[in-house]
Amino acid sequence: MKPSDLPGPETIQTDVAIVGSGGAGLMCALHLAERTPGSDVTVVSKGIVGKSGCTRMVQGGFNAVLDPSDSIEGHFADTLAGGYWLNDQDLAWALVNDAPKVIVELETRVGCFFDRTPDGRIHQKAFAGQTFDRTVHRGDLTGLEIMGRLRDQMFRIGVRELEDVRALDLVVEEGEVSGIAALDIRSGRPLLIGAKVVVMATGGAATMYSLATPAREKTGDGIAMCYRAGLELRDMEMLQFHPTGLLAGDSRLTGALLEEGLRGAGALLVNALGERFMVRYDPERMERSTRDVVSRASYTEIAAGRGTPAGGVLIDIASVLGTEEVRRRFPGMVDRTRQLGQDLSTGPVEVSPVAHFQMGGVVTDVDCRTELPGLLVAGEDSGGMHGANRLGGNGVAESTVFGARAGDTASEMLSGISTGTSKGASRGASTKGRPSIAAARGFFAKAFRALGADEGEHPMALSKELKELMWRRAGVVRDRANLVEALDALEDLSERCTRTRAPGPPQLNPTWQEAIDLENQVTAARCLVASALEREESRGAHYRSDFPETDNARWLRSVRVRAGEGGRPQIRTVPVELSRLAPPGHDATGDSGDSGGQARTSP
Amino acid sequence: MRSRTRPVGARAVGSLEVLVRRSESGKDDRFVVESHPGMKVLDVLVAIQRDHDPSLAFRYSCRVAMCGTCALRANGTSVLACQSSVPSGAKELRLAPLAGLPVLRDLVVDPAPFFARWAAVTPYPVPDAAVSAPAVVRPDSPERRTIDPALDCITCGICYSSCSVSDEGRDFLGPAALNRAMVLIADSRDTMRTERLARIGRLDGIDRCHYIGACSACCPKRIDPFDAIRRLRRWRVTGPPAAGAT
Ligand SMILES: Cc1cc2nc3c(=O)[nH]c(=O)nc-3n(C[C@H](O)[C@H](O)[C@H](O)COP(=O)(O)OP(=O)(O)OC[C@H]3O[C@@H](n4cnc5c(N)ncnc54)[C@H](O)[C@@H]3O)c2cc1C
Ligand code: FES
């Protein structure tokens, strides 16, 4: 659409605009409404409120220290060891301390009911990488219980719900966020939302790979918006691959997960030659090894030609437990394989590593504040909490804990503004909250460009190209040559994305939405690849075949990326602050200089 | 090692004629897509969008039966598009939006009326403010045995849309909302159980149900709202179940 034909935006004024209605978004709304009753809260959601995003899809569960014989320190140490010591230790400390409080809040105030032990107490199960059984769950549909109940709380607190509305960009004026430029997907009309505080909680960008687990809305919108607004991202090379995603050819079911509990229960992984290949990668833990190791092993087998014709390996639990037991213990997983004409309870099923979770994200402090006044970031959009690898069960814990914290912080920021103290501004609230149309016009023009364009490429074809590129060149196993090629190809793609075409009307036009998604995905992908190129070692989810060792002496550093000239990623690295705990045997005399020549700019 | 039933990702084996209800014309558009074994209705829609009409509107998010946003009618039956296979050997598939909800575009409906009724039963618990620790409730207690099988509703709207009473446009809370009310009334942690029972006894409540049972027959999560309504009718006489004695 030509800029001259662009309809003027409808405007909405609110105190706090929360972008995203997953665990982080809705916990934020709940805490805000309780701390500051009467505040005007708007939830902006690209999909249906509470029914989009990945929190709803959580199967396994939620890590929290509840048992008196467990300890906060234990959960903390497991989280750092699992993250290969790249974690922001303050964030991880906040998580382990708040997680039990959030479980109690979900149970006693929100209405959740988690599975019980026979004597009626909350049951906690074993998850990989943890020294204590601390994963709270509700069957294998934990996310449904949490999101269903949180969604119902919205009826109680009465927030403004903008459903099927997507944020396009942050409007920043005089160094502060004044609101967001948005698009009403239903009507196809631009929307300008003025807000004193914006909370970004759009849930990351793991869908940029051809094999991926997350919900379809998660196209890196939050990451890309923050990047364009000049914020610094960290650890973007850390993208978790889950080892057991289903393969179903062209079907959308490809990438659906088989849960980690299968490996916990003794499932075998075999290649097309019938070999239990884990013996070559982790003879001690075998299939029970961590996600990163198992994913890499499967990937290596497949790449070496020992995979199945469709490019997978086989998971076999039926021959270990027997049909009856598999059906009894994993009914949901059996159903899922039957959907594909296979049956986990009678034979092996084909699986592959799949892109699952983005550990990297926007740099924040423990209260979700960022370097940009007025902007908070929570959930998967934020970075640092999980370091180089996320433990199963720490994801939903992160989104609800930091969603709640964002709500508390936003509430504090609002009271700073209303009491007229300068505290509000100095502590990060925007004093404006009224964006000017002029400041947002460029964002709308960019978003509307593809709609009805006379010519251009099909966004869906480009998106397929992006996903295949990322899978091939920046996936489970990486090296310099492939990453350099990927970066070049992404530069080309990012140019081609500005020349896509979306035929059809403005209302609920999926191809138009995909054109906008694509630009964000490519932006996040460039940050990922540039960061992966920088990290010349292997750690957690990031594996470089040209630098296969973990190098603590040089690389206990976090890779930071920010938009440089022409929007290109500009990199620096910052030493990890081992403020509470250091890895065993760590020599503190290693290089700790700062490649960017500046001290850590804490937000 | 046992052999698998079929190769995964099998190539196309046939062609399928698909008729899709379009909102702009009010008519069906006809497409021919290549079909493969195990193909889901959602795959059919994606194929149409990719190969024929990029502007076709439909909704989905999770693709694993958890979000409940992909519901539509396939050959007249309300199903989740992501879970429902194209019957093997089928030559024709007719797709239309879910009944009983306003169509926004093509196969996308507005769930607002469904959620308005859901909200009408006060779907959140009202806990005792003094309680500060998770309740001790045995998993084999009558209370949990009543609630657990009724809990995993994904609010897809299929029961609402398949219910002949809701469908007639008469004011009826509908099966999903009543099932939720049952879950809360059975929950000993809630302090508003008596008020809830009164609410669902009003004109638009349980007495509107004609005992046809379409809701339970069509639920993709195998929940039994019909049974929930029966319990509610019983509790209206007996009062809400005592804790642990549902
Ligand atoms: C299949 C699966 C299983 C998982 N299992 C577990 C588990 O067992 N345990 C665990 O701890 N973690 C698990 N995780 C990870 C966990 O889901 C995430 O860590 C967490 O839920 C992320 O929460 P969030 O609130 O940040 O984002 P999400 O819950 O993903 O929500 C994102 C929201 O943002 C909205 N949105 C996106 N873009 C825009 C935009 N531009 N404008 C407006 N809104 C937008 C979406 O519509 C959605 O509402 C799993 C993830 C997946 C995919
Ligand atoms: S896409 Fe979520 S239920 Fe079908």
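In the text below, chain A, chain B and the rest are named by the order of the sequence lines, each starting its count at 1.
Annotation: side chain of A:Arg186 is in contact with side chain of B:Asp110 (closest heavy-atom distance under 4.5 Å). Two residues are said to be in side-chain contact when any heavy atoms from C-beta on lie closer than 4.5 Å; B:Pro127 and A:Thr108 fail this criterion. The shortest side-chain heavy-atom distance between A:Glu163 and B:Pro111 falls under the 4.5 Å cut-off. The side-chain heavy atoms of A:Met460 and B:Asp51, taken from C-beta on, include no pair separated by under 4.5 Å. Contact of the A:Ser52 side chain with the B:Cys67 side chain is not registered, since no non-hydrogen atoms from C-beta on lie closer than 4.5 Å. Using a 4.5 Å heavy-atom cutoff, the side chains of A:Arg252 and B:Leu45 are not in contact.
Under the salt bridge (charged side-chain N to carboxylate O under 4.0 Å, His left out) criterion, B:Asp140 pairs with B:Arg138, sequence neighbours left out. Residues meeting the salt bridge (charged side-chain N to carboxylate O under 4.0 Å, His left out) test with A:Arg501, sequence neighbours left out: none.
The parts of B:Cys62 that come within reach of chain A are both its backbone and its side chain, each placing non-hydrogen atoms under 4.5 angstrom from that chain. Looking at A:Pro459, there are no atoms closer than 4.5 Å to chain B (heavy atoms on both sides), in backbone or side chain. Heavy atoms closer than 4.5 Å to chain B are found nowhere in A:Phe114, neither backbone nor side chain. With a 4.5 angstrom heavy-atom cutoff, B:Val46 touches chain A only via side-chain atoms. Contact annotation for B:Val64: both backbone and side-chain heavy atoms come within less than 4.5 Å of a heavy atom of chain A. For a residue to count as touching a neighbouring chain, one of its non-hydrogen atoms must lie under 4.5 Å from one of that chain's; by this rule A:Glu514 does not touch chain B. In this structure, the portion of A:His458 lying under 4.5 Å from any heavy atom of chain B is its side chain and not its backbone. For A:Ile122, the part lying under 4.5 angstrom from a heavy atom of chain B is the side chain only. At a 4.5 Å heavy-atom cutoff, the contact between A:Cys112 and chain B is made by backbone atoms alone. Only the side chain of A:Arg336 has a heavy atom closer than 4.5 Å to any heavy atom of chain B. B:Val183 touches chain A through its side chain: at least one heavy atom from C-beta onward sits under 4.5 Å away, while N, CA, C and O do not. Contact annotation for B:Leu184: only side-chain heavy atoms (C-beta onward) come within less than 4.5 Å of a heavy atom of chain A. With a 4.5 Å cut-off on non-hydrogen atoms, A:Val49 does not touch chain B at all.
Within the cation-pi definition used here (under 6.0 Å to the ring centroid, within 45° of the axis), A:Arg151 qualifies as a partner of B:Phe115.
A distance-only check finds a donor-acceptor pair linking the side chain of A:Arg56 to the backbone of B:Ile154 [under 3.5 Å]. At distances below 3.5 Å, not a single donor-acceptor pair connects side-chain atoms of A:Glu107 with backbone N or O atoms of B:Ala133. Panel note: side chain B:Arg189, backbone A:Gly111; a donor-acceptor pair is recorded below 3.5 Å. A donor-acceptor pair under 3.5 Å is formed between the side chain of B:Lys40 and the backbone N or O of A:Gln339. For the pair B:Arg63 (side chain) and A:Thr254 (backbone), a donor-acceptor distance under 3.5 Å is present.
Your options are B:Pro125, B:Ala57, B:Pro134, and the one with the most heavy-atom pairs under 4.5 Å with chain A is B:Pro134. Contact count versus chain B (heavy atoms, under 4.5 Å) is highest, among A:Arg138, A:Glu145, A:Arg149, A:Gln59, for A:Arg138. When each of A:Ala256, A:Pro118, A:Pro214, A:Ala215 is scored by its heavy-atom pairs under 4.5 Å with chain B, the top score falls to A:Pro118. Annotation: maximal heavy-atom pairing with chain B below 4.5 Å, among A:Gly148, A:Gly255, A:Pro505, occurs at A:Pro505. If you tally non-hydrogen atom pairs under 4.5 Å between each of B:Glu24, B:Arg59, B:Arg50 and chain A, the highest count goes to B:Arg59. In terms of non-hydrogen atom pairs under 4.5 Å with chain A, the most contact-rich of B:Gly68, B:Ser85, B:Cys82, B:Ala135 is B:Ala135. The choice from B:Asp152, B:Leu42, B:Val131 that makes the most heavy-atom pairs within less than 4.5 Å of chain A is B:Asp152. The residue among A:Ile103, A:Asp119, A:Asp164, A:Val110 with the most heavy atom pairs within less than 4.5 Å of chain B is A:Asp164. Contact tally against chain B (heavy-atom pairs below 4.5 Å) for A:Gln507, A:Glu217, A:Arg109: the top residue is A:Arg109.
Within a 6.0 Å radius of CZ in A:Arg121, other residues, nucleotides and ligands contribute 12 heavy atoms or fewer.
With respect to the salt-bridge test (charged N to carboxylate O, under 4.0 angstrom), the residues B:Asp148 and A:Arg116 do not qualify.
Distance check, rounded to the nearest 0.5 Å: CG of A:Asp335 to CZ of B:Arg222 gives 5.0 Å. Residue B:Leu151 holds its CG atom at 8.0 Å from CG of A:Leu144, rounded to the nearest 0.5 Å. Separation of atoms CG (A:Leu508) and CG (B:Asp106) is listed at 8.5 Å; rounding is to 0.5 Å.
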- request: Please test A:Asp115 against B:Arg144 for salt bridge (Lys or Arg N to Asp or Glu O under 4.0 Å), starting from the C-alpha separation and ending with a verdict.
  value: CA-CA 10 Å; A:Asp115 281 6; B:Arg144 290 320 302 181; over 6 Å; no
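Of all the heavy atoms in B:Tyr124 and A:Asp152, the pair that sits closest is CD2-O, 3.4 Å. Closest of all the heavy-atom pairs between A:Pro503 and B:Pro54 is CG-CG, 3.8 Å.
Side chain to side chain, A:Ser251 and B:Asp43 meet the donor-acceptor criterion of an N or O pair below 3.5 Å. Counting only N and O atoms by type, the side chains of B:Thr155 and A:Lys51 include a donor and acceptor under 3.5 Å apart.
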